[in-house]
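Only one structure is covered here, and it is reproduced in the block below.
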Amino acid sequence: MSSTDTQGRLRIVFVCGGDLASPSEKQALWFARELTQSGHATMLSLHGDPETADGEHVEEAAELQIHWHRFRAGRVRAADVRAVQRFRPDILHAWNSRPPVESPCRAYANATRAPVLIHWEDDEWGQLAGLPANSAAERLRHIVRRGMHRWHPPFWNLSTKRSLAWAAEGAAFDAITPELAREVRSRTSQSCAVVLPAAAPEAWQTHDAPAPELPQSLASRSVLLYTGDVNFGRVPDVRIGVQATGLLQRRGHRVAFVHAGRNTAKVSLQEMAADAGLEADTLVELGTLPFSRIPPLLRNASILVQPGRPTNFNRFGLPSKLQSYLASGTPCIMFAIGAGELLTDRVEVLKTHTGDPAEFADRAEELLMNNDLRSTLSRNGPKAARRLFDPARNTQRLLDHYREVLGQSG
């Protein structure tokens, strides 16, 4: 039975597979904050490091509940199930179709009988083959982790045939891009709403937090900045950006490549830089930063980069950095497919159409040399961010989706 009150206020649990160092979980947090500030009751069920909530403005939504679940023998703890039962959710929003989300969400649904909505944000079917590996030892680790996920779901953070079959039985679907929604409909023969992400409100605000300091050696260089995870799906794309930086240097431009975020693939970006022929100390890794420090970093960069090949991974997904990139007013280069189709080339962003580092270097060189083009993108990027990722409007779209599922009006 729904616990929705007479004011139409909902009770929503976002069931996530990671912690707030993850870009995906940050998207759930930003929706949860908006919903809470609108009077709805929200809970984030997360797994990982509670300290990742520091610096994420969680305290600004005082009624938002954050619960950190754990696993024992492949199952979420009974105490975690009881915590969600006490919350009395109207909706369980599974934040992807992967085992670390499937496992707790199954338990919560059995205990509460709340409908499960599935959030789609990646090419889950294309990743069934598993993670790429550079060595036999790495392939063996992946095989072991995949085999062990039944005993500890976080061991395998890609969808499986079992988890996709579970997700296909969800009460309703939402997808992060129109292209992905079409793919979900094709794969499941079910309807799928398009709900674009809600950017963090502070993406447009002036922050007291200072921009992270860069090495003095970069003081006279133009910075190509890449933020967010370097995961297995993004390694080839990041390599494009690093190789393009090397090409720009050989063309005589004083540029550097800076990364802020996690390196979950554990590849050596310094080795990547050496292979691309970058000058010494011109690839800088800042590590993971609280989101409050990201907007000033973006505004201080010369060019924001999201390299990408024309693959299904990029066609279906929407890089979580895009909202903040656009809002910052710093010119952005990104791939043309998928999320790129939502934006106007040479007006809101500068697009690439191949995975060729030379093409990416050509676009970056245009921005370095053409002040009029830089001004156009700087002026229109924030407008595009508002058009696509306005927090209040996109949260209302999510609420409309919830109410459609619950058969409510108003």
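Just so you know, these numbers use all the heavy atoms, side chains as well, and skip hydrogens, waters and symmetry mates. Keep in mind it's a predicted model, so treat the numbers as computed, not measured. Just so you know, residue 1 is the first one in the sequence shown, and it goes up from there.
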His253-Glu365 side chain donor-acceptor pair, cut-off 3.5 Å
yes
Salt bridge (Lys or Arg N to Asp or Glu O under 4.0 Å) contacts touching residues 317-336 (sequence neighbours left out):
none
Residue pairs meeting side-chain hydrogen bond (donor to acceptor under 3.5 Å, both in side chains), one or both in residues 325-346, sequence neighbours left out, come to Arg346-Glu366
So, Thr354 versus Glu359: side-chain donor-acceptor pair below 3.5 Å or not?
yes
Could you pull out all residues at least two apart from Trp30 that satisfy ring-ring contact (aromatic ring centres under 6.0 Å, His included)?
Phe291
If we ignore angles and hydrogens, is there a donor and acceptor under 3.5 Å between the side chains of Glu285 and Gln270?
yes
Residues two or more places apart in sequence or in another chain: which of them pass side chain to side chain donor-acceptor pair (under 3.5 Å) with Asp281?
none
Test side chain to side chain donor-acceptor pair (under 3.5 Å) applied to Gln127 - qualifying residues, sequence neighbours left out
none
Could you pull out all residues at least two apart from His67 that satisfy ring-ring contact (aromatic ring centres under 6.0 Å, His included)?
none
Residues passing the ring-ring contact (aromatic ring centres under 6.0 Å, His included) test with Phe313, sequence neighbours excluded, are none
Pair listing, salt bridge (Lys or Arg N to Asp or Glu O under 4.0 Å) test, anchored in residues 223-241, at least two apart
Asp229-Arg262, Arg234-Asp237, Asp237-Arg309
Going by the salt bridge (Lys or Arg N to Asp or Glu O under 4.0 Å) test, which pairs reach into residues 92-110, not counting sequence neighbours?
Arg98-Asp122, Arg98-Glu124, Glu102-Arg106, Glu102-Arg162
Using the ring centroid of each side chain, check whether His119 and Phe173 are separated by less than 6.0 Å.
no
Those residues that, when tested against Arg187, pass side chain to side chain donor-acceptor pair (under 3.5 Å) (two or more places apart)
Glu183
What residues form a ring-ring contact (aromatic ring centres under 6.0 Å, His included) with Tyr226, not counting sequence neighbours?
His259
Establish, yes or no, whether the cationic atom of Arg11 lies under 6.0 Å from the six-membered ring centre of Phe87 and within 45° of the ring axis.
yes
With a 6.0 Å cut-off on the ring centroids, do His93 and Trp95 count as close?
yes
Can you give the donor-acceptor pairs under 3.5 Å from side chains of residues 72-79 to other protein atoms, not counting sequence neighbours?
{"unit_1": "Arg77", "atom_1": "NE", "unit_2": "Asp80", "atom_2": "OD2", "d": "2.9"}
{"unit_1": "Arg77", "atom_1": "NH2", "unit_2": "Trp68", "atom_2": "O", "d": "3.4"}
{"unit_1": "Arg77", "atom_1": "NH2", "unit_2": "Asp80", "atom_2": "OD1", "d": "2.9"}

